[in-house]
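Inspection log for the structure reproduced underneath, given as structure tokens.
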Amino acid sequence: MKAPSEFKLIQKLTSTLPALPQARWLGERKDDCSVLKLGENHYQLCTSDLLLEEVHFKTSWLSWQDLGWKSLAVNLSDIAAMGGIPLQAVIGLGIPQETPLEHLQDFYKGLKNCSEAFHCPIVGGDTSLSKSGWVISVTVNGWSPRHPILRSGAKPGDSLWT
């Protein structure tokens, strides 16, 4: 049996959840960011991405610093795609026990460089031992001073980037 597409899977998994109050929550659960209207011209954005070794990256062809940069950058691009400004990031890591400390330090150098380049401080996170490769989860919170650009707002002729 073939797995459903990402959007069909999201719809199936979230179909039993209560509807989001449309007065405050904008967009749909399939958007890359959640959008919460906090007030006139103030929208909170939140996005999270999961990167799995051998699925989204291979450490044999990507430097540890590049991996750190990429891990944060994929979330920053989601905030930017909605016209938002990043505020903060948290990093969750599943780390194989045999990982050399130097690899972790280089990974964090990449995170730091991306964080500084896009003015998005890393404010916390979590680590755990992984028995089956690297697992990286990054969440970025941001905001927008205007109504964010939603996936559903696309019109014929617009360029869409995923």
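What you see is a predicted model, and the numbers here were worked out from it, not measured in a lab.
One finds the CD atom of Q105 at 12.5 Å from the CH2 atom of W64 (value rounded to the nearest 0.5 Å). A distance of 9.0 Å separates CG of L67 from CH2 of W61, quoted to the nearest 0.5 Å. From I136, atom CD1 reaches atom CZ of F107 across 4.0 Å, with rounding to the nearest 0.5 Å. H147 contributes atom NE2, which lies 9.5 Å from atom CE of M82 (distance to the nearest 0.5 angstrom). The structure places CD of Q65 at 11.5 Å from NE2 of H103, a figure rounded to the nearest 0.5 Å.
Under a 4.5 Å side-chain heavy-atom cut-off, the cluster of Ile, Leu, Val, Met, Phe, Trp and Tyr residues that includes V55 is completed by L50, L52, V135.
In this structure the side chain of W69 reaches within 4.5 angstrom of the side chain of N113, judged on heavy atoms. You'll find the side chain of W134 reaches within 4.5 Å of the side chain of L93, heavy atoms only. Annotation: side chain of T99 is in contact with side chain of L104 (closest heavy-atom distance under 4.5 Å). Side-chain contact between V90 and V123 is present, with at least one heavy-atom pair separated by less than 4.5 Å. In this structure, the side chains of Q44 and V35 stay at 4.5 Å or more apart for every pair of heavy atoms. Counting heavy atoms from C-beta outward, I91 and I122 have side chains that approach closer than 4.5 Å.
Residues L45 and S144 come closest through the heavy atom pair CD1-CB, 4.4 Å. Of all heavy-atom pairs spanning G142 and I79, the tightest one is N-CD1, 4.1 Å. The two residues Y43 and R146 have their closest heavy-atom pair at CD1-O, 3.3 Å. Between P121 and S115, the closest heavy-atom pair is CA-OG, 3.6 Å.
Sorted by first and then second residue, the side chain to side chain donor-acceptor pair (under 3.5 Å) pairs with a member in residues 118-130 form an empty list; sequence neighbours excluded. Among residue pairs with one or both ends in residues 95-107, those qualifying as salt bridge (Lys or Arg N to Asp or Glu O under 4.0 Å) are D106-K109; sequence neighbours excluded. Counting only residues at least two apart or on different chains, the side chain to side chain donor-acceptor pair (under 3.5 Å) pairs with a member in residues 70-88 are T47-D78. Sorted by first and then second residue, the salt bridge (Lys or Arg N to Asp or Glu O under 4.0 Å) pairs with a member in residues 79-95 form an empty list; sequence neighbours excluded.
K112 pairs by the side-chain hydrogen bond (donor to acceptor under 3.5 Å, both in side chains) definition with E116, not counting sequence neighbours. Not a single side-chain hydrogen bond (donor to acceptor under 3.5 Å, both in side chains) links W143 to another residue, sequence neighbours left out. A search for salt bridge (Lys or Arg N to Asp or Glu O under 4.0 Å) contacts involving D66 returns nothing, not counting sequence neighbours. A search for side-chain hydrogen bond (donor to acceptor under 3.5 Å, both in side chains) contacts involving S48 returns T139, not counting sequence neighbours. With sequence neighbours excluded, the residues that form a side chain to side chain contact (heavy atoms under 4.5 Å, CB included) with L76 are L72, P86, C114, F118, C120, V140. Legend: residues meeting side-chain hydrogen bond (donor to acceptor under 3.5 Å, both in side chains) with E53, ordered by chain and number and at least two apart, are T59.
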Mind running side chain to side chain contact (heavy atoms under 4.5 Å, CB included) on F57 and L51 for me, showing each step along the way? CA-CA 7 Å; F57 66 91; L51 293 103; 4.0 Å; yes
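When hydrophobic clusters are built by joining Ile, Leu, Val, Met, Phe, Trp and Tyr residues whose side-chain heavy atoms come closer than 4.5 Å, directly or via intermediates, L62 is grouped together with L111.
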